[in-house]
Amino acid sequence: MDTGSFKSILYHKSSDGKIAYITLNRPERFNAIDGHLPRELREAVKLANSDPTVHCIILKGNGPGFCGGYDLDIYAQNAMRGETHGSQDLSKGYDPLVDYAMMKENTDCFSELFRSHKPTIAQVHGAAVAGGSDIALCCDLVIMATDARIGYPPSRVWGCPTTAMWAYRIGVEKAKRMLFTGDLISGAEAAEMGLVLKAVPEGELEETVQLLANRIASVPQNQLWMQKQVINGLIEGPMLQSQKLATIFDGITRNSPEGVTFQELSKDKGFKAAIQQRDNPARSDKYRKVWKSVL
C-alpha cells in the first residue's frame with residue numbers, strides 16, 4: 001500500500017520499526033471526520049497488522065487537538081441542500097437502512113482499532129469530541145492531557161455514539177451520566193472516572209505515551225495478541241449488539257423532530273448558535289463546578 005495516497009491521515013514507523021504511528025491529519029478542521037478518514041484509518045491499522053516488525057500502534061492528532069468529531073460542513077450543512085447524508089427528506093417516510101448503511105461502515109472502520117491484532121494507544125490532546133471520542137475509545141489504551149476534553153455532546157440532540165464503548169469502559173451508571181448530559185470532561189476527570197488509563201500535563205503527553213509503547217513493543221507479538229484476544233473476548237459479543245442498536249439510533253436521532261429542528265436552526269443561524277442552544281441550557285457555573293463539566 002502506498003501510504004502517500006492517504007488524504008486525511010499520516011502513517012509512519014519508528015526507526016526500529018516496532019511502533020506504527022497513525023496521525024489524523026486535517027489540522028485546519030480540528031481533524032474532523034470527512035469521507036476519507038474512517039476508511040484510511042482502517043487501512044492504516046490493517047497495514048500495521050500485516051507488518052511483521054510492528055508491535056504497537058499509536059494514534060494521535062495533528063494540530064490543536066485529537067479530533068473534533070464529524071465535519072459538520074460536510075455531514076450537516078450540505079445535507080440541508082440534499083448533497084450529503086444528515087437528516088433525510090422525510091416527506092416520503094424515514095428509511096432507517098439509508099442511515100444505518102452509511103454509519104455502519106464508519107463504525108466498522110473505527111472498531112478496527114479495537115479488533116487490531118497489535119495493541120493500540122490513543123494519545124489525546126486538545127479534545128476528542130463526539131465522533132472523535134468514538135475513535136479514541138476504540139483504542140485499547142487512552143492517555144490524555146489533563147486539560148484535554150472528551151465527551152459526546154450530540155447525545156443531547158442529533159447523535160448516538162455508534163461504537164458504544166462508554167459503558168464497557170466506565171460501567172452503566174457513569175456512562176448514563178455522560179450520555180444523559182452530553183457533558184465534556186477534562187482528561188483529569190476522565191482518568192479519575194476510569195474512562196481513560198492516565199492523564200498527564202500536555203508537555204509530558206508524548207513522552208508518557210512513548211514510554212508505554214516502548215514497554216509494550218518489548219513483548220513478543222504473539223504474546224500481545226493472545227492477551228488482547230482473551231480480554232476482548234469478554235465484551236465482543238455484547239459490543240456488537242450494542243453497536244448495531246447505537247448505529248440504528250444514531251440515524252433516528254438525526255431524523256427525529258428534535259434532530260430536524262436542530263439542523264434547521266443550524267441552517268438559519270449557523271452551527272455555533274445551534275450547538276450553543278443545544279449544549280448550554282441548565283449548565284450553570286455551579287453545575288460545572290459540582291460535576292466538573294467543561295465548555
Quiz item: Checking Arg288 side chain against Arg283 main chain: does a donor-acceptor pair fall under 3.5 Å?
Solution: yes
Practice problem: Salt-bridge test for Arg42 and Glu105: reply yes if a basic N is under 4.0 Å from a carboxylate O, no otherwise. | Solution: yes
Quiz item: So, does Ser242 use its side chain to make a donor-acceptor pair with the main chain of Ala164 at under 3.5 Å?
Solution: no
Quiz item: Under 3.5 Å, side chain of Lys118 to main-chain N/O of Val54, donor-acceptor pair present?
Solution: yes
Exercise. Pick out which of Arg149, Met193, Lys292 makes a side chain to side chain contact (heavy atoms under 4.5 Å, CB included) with Ile185.
Key: Met193
Quiz item: What do you reckon, is CD of Gln277 surrounded by more than 12 foreign heavy atoms closer than 6.0 Å?
Solution: no
Self-check item: Audit row: Ser14, Asp16, side-chain hydrogen bond (donor to acceptor under 3.5 Å, both in side chains) steps and yes/no
Solution: CA-CA 5 Å; Ser14 59; Asp16 63 4; 2.6 Å; yes
Quiz prompt | Atom NZ of Lys228 with >12 non-hydrogen neighbours under 6.0 angstrom | solution = yes
Quiz item: To the nearest 0.5 Å, what is the distance between OG (Ser5) and CD (Glu40)?
Solution: 7.0 Å
Quiz item: Within a radius of less than 6.0 Å around CD of Gln210, do more than 12 heavy atoms belonging to other residues, nucleotides or ligands occur?
Solution: yes
Quiz item: Looking only at atom types and distance, does a side-chain atom of Asp71 sit under 3.5 Å from a main-chain N or O of Asp34, one as donor and one as acceptor?
Solution: no
Exercise. Apply the side chain to side chain contact (heavy atoms under 4.5 Å, CB included) test between Ile22 and each candidate in Leu47, Leu10, Ile58, Val45; give the one that qualifies.
Key: Val45
Quiz prompt | 4.5 Å side-chain heavy-atom contact, Tyr11 and Glu43 | solution = no
Exercise. Sequence neighbours left out, what passes ring pair (Phe, Tyr, Trp, His ring centres under 6.0 Å) with Phe262? Give chain and number order.
Key: Trp158
Exercise. Group every Ile, Leu, Val, Met, Phe, Trp and Tyr by side-chain heavy-atom contacts under 4.5 Å, then state whether Ile19 and Ile216 land in the same group.
Key: yes
Quiz prompt | Glu207 atom CD, over 12 foreign heavy atoms within 6.0 Å | solution = no
Self-check item: Non-hydrogen atoms of Ala274 and Ser266 that approach each other most closely
Solution: CB-OG, 3.2 Å
Exercise. In plain terms, say whether Glu112 and Arg115 are close enough for a salt bridge, that is, a side-chain N and a carboxylate O under 4.0 Å apart.
Key: yes
Quiz item: How long is the gap from CH2 on Trp166 to CE on Met178, to the nearest 0.5 Å?
Solution: 4.0 Å
Quiz item: CD of Gln276: more than 12 outside heavy atoms within 6.0 angstrom?
Solution: no
Quiz item: Ignoring hydrogens and geometry, is there a side-chain-to-backbone donor-acceptor pair from Asn232 to Phe114 under 3.5 Å?
Solution: yes
Exercise. Measure the spacing between CG of Leu245 and OG1 of Thr162 and express it to the nearest 0.5 Å.
Key: 12.0 Å
Quiz item: Are Met239 and Leu195 connected in a single hydrophobic cluster, I mean Ile/Leu/Val/Met/Phe/Trp/Tyr linked by side-chain heavy atoms less than 4.5 Å apart?
Solution: yes
Practice problem: Look up atom NZ in Lys244 and atom OH in Tyr100, then write down how far apart they are to the nearest 0.5 Å. | Solution: 5.5 Å
Self-check item: Donor-acceptor under 3.5 Å (Asn31 side chain, Arg26 main chain)
Solution: yes
Quiz item: Looking at Ile150, Val129, Leu24, which one forms a side chain to side chain contact (heavy atoms under 4.5 Å, CB included) with Phe66?
Solution: Leu24
Quiz item: Backbone N or O of Gly63 within a donor-acceptor pair of the His125 side chain at under 3.5 Å?
Solution: yes
Practice problem: For the residue pair Leu72 and Ile275, establish whether any side-chain heavy-atom pair is separated by less than 4.5 Å. | Solution: yes
Quiz item: Does the side chain of Asp140 come within less than 4.5 Å of Pro119's, by heavy atoms?
Solution: yes
Exercise. Please round to the nearest 0.5 Å and tell me the distance separating atom CG of Asp183 and atom CZ of Arg156.
Key: 7.5 Å
Quiz item: Less than 4.0 Å between a side-chain N and a carboxylate O, is that true for Asp250 and Arg254?
Solution: yes
Quiz prompt | Side chains of Ile143 and Gln123 in contact at under 4.5 Å (non-hydrogen atoms) | solution = no
Quiz item: Going by an N to O cut-off under 4.0 Å, is there a salt bridge joining Asp51 and Lys13?
Solution: yes
